[in-house]
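Beneath this line is the structure, given in structure tokens, with notes to follow.
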Amino acid sequence: MEGEASVNKLHTQIEIKPQGQEPPPPYSSVVENSEMDIQPEGKLPFFKSRYRQRASDTWLISLLVILHLVAFITTTLFNYFSTGSVFFQPLSENPLLGPSASTLDKVGALRRAFLVQNHLNWRFFVCPWLHAGIIHFAINISCMIFIGIHLERDYGPLRIGVIYLLSAFFGSLVCSLFVRNNPVVTSSGALFGLLGTMLSGLIRNWKVYSSKGAALAALITVLATNFLLGLLPYIDNFANIGAFISGLLLGFVLLLTPQIRQMSKNKAGLFECGVKHSKSTIKLKQKLALDRPILRSISLILFVILLSGCLVALFLGIDINHYCGWCRFIDCIPYKRWSCNDGPNTCEIMKSNSEMTLTCLYNGNTRVFPFTNISQARINDLCAMIC
């Protein structure tokens, strides 16, 4: 009887699983979830993520790059037809390996004489698309792609596009208050506007990002590199400074929290942002989207005041260089391989059958060129080079 009871007892031991309980996840899922839990609750890295990005998310930056490329090719062709032989001038004439000064004048560069005497205000809208040379173009476009793709994906093309265009125009306005009689381009100003926007987005969403140190290091590196590049001829650093301030203020006005998209476990982009979906993340996003109205209002008022002040100063023809003698060193550092002289360059010209000799009346430098049939604008370029 005891054996029969034990057999019945074994048969009646049925395992009952609680309803809704699922088997433990495989090892790969545990590893993946543990990686997602490394980040603090409700925070996202600034330059890294696991979020799926659509190709259309970077259409604005792609369009801007194409427009800059078209403008650069056009400038190069103008230089070729003006000189009749080369696409880029030698480093002794243009240290950025780019067009001549007369070519930059033709395509839309800023110069004080054009603004004060001729009132060619259309140059404010053309100058932000021009580059001083292939070196300037390569560095400027690379940095714009690096910064712009991240900003466009996080904040959308509409906001970034408005900030980009307004910063480029504002930078040209600031340039007009300091520009001298050397031609300058302001395409770097739009990049500095994006850098200011990046800084404002980082400050505004400080509690959201987790890799703030890396983001600040990248911003300072790009900022310093392009500012040092602006110490060479034909690039205006005052436009860069003005556009940076504009981007910073407009960023406080227009930027909200970064856009959060659906996660893709197997794909990751270069500038995407990984974030842990949680109730606290949603609450933080809603809170940041609605607060800081005072900061936004003050930034908008400051931008309007600065923009209005620059427009009034432009119409009055104010030249700040008359009040600031050392400001020219912020824009161009004199060096033996190039000239920052903006005074009138006058040369004595002597021509033979196959040679032309130019003698600068300012410093006495003389140089012989193996050609004679060139335009007066080209003669002015060569005279400025030896003076």
Does [atom1] in [X] sit with more than 12 non-hydrogen atoms of other residues, nucleotides or ligands closer than 6.0 Å?
X      : atom1 : result
Phe78  : CZ    : no
Ile294 : CD1   : no
Trp326 : CH2   : no

Hey, is the main chain of [Y] close enough, under 3.5 Å, to the side chain of [X] for a donor-acceptor pair?
X      : Y      : result
Arg204 : Leu255 : yes
Ser167 : Ala190 : no
Asn321 : Cys327 : no
Asp381 : Ser102 : yes
Ser176 : Leu173 : yes
Arg112 : Val179 : yes
Thr58  : Ile61  : no

Review point. Is any side-chain heavy atom of Leu358 closer than 4.5 Å to a side-chain heavy atom of Phe369?
Key: yes
Review point. Can you tell if the side chain of Leu60 reaches within under 4.5 Å of the side chain of Leu64, non-hydrogen atoms only?
Key: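 In contact.
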Review point. With a 2.5 Å cut-off on the SG atoms, do Cys347 and Cys383 make it?
Key: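 Yes.
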Point to revise | Residues that, via side-chain heavy atoms closer than 4.5 angstrom, fall in one hydrophobic cluster with Val368 | key: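 Grouped by the 4.5 Å side-chain rule, Val368 forms a cluster of one, so the answer is none.
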Point to revise | Under 4.5 Å side-chain linkage, directly or through intermediates, the cluster mates of Ile301 | key: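 Grouped by the 4.5 Å side-chain rule, Ile305 form the rest of the cluster around Ile301.
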Check your understanding: How far apart are the C-alpha atoms of Leu199 and Ile203, what are their side-chain angles, what is the distance that settles it, and do they pass the side chain to side chain contact (heavy atoms under 4.5 Å, CB included) test?
Key -> CA-CA 6 Å; Leu199 180 59; Ile203 295 174; 3.9 Å; yes
Review point. Who pairs with Ile241 by side chain to side chain contact (heavy atoms under 4.5 Å, CB included), at least two apart in sequence or on another chain?
Key: Phe227, Ile245, Ile330
Point to revise | Nearest non-hydrogen partners of Leu314 and Leu177, listed with the distance | key: N-CD2, 4.0 Å
**Study point:** Arg328 and Asp331 ion-paired at < 4.0 Å
**Key:**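 No salt bridge links Arg328 with Asp331.
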Point to revise | Shared hydrophobic cluster for Val162 and Leu191 (ILVMFWY, side-chain gaps under 4.5 Å) | key: yes
Review point. Using 30° and 60° as the class limits, which term best fits the ring planes of His68 and Tyr164: parallel, tilted or perpendicular?
Key: perpendicular
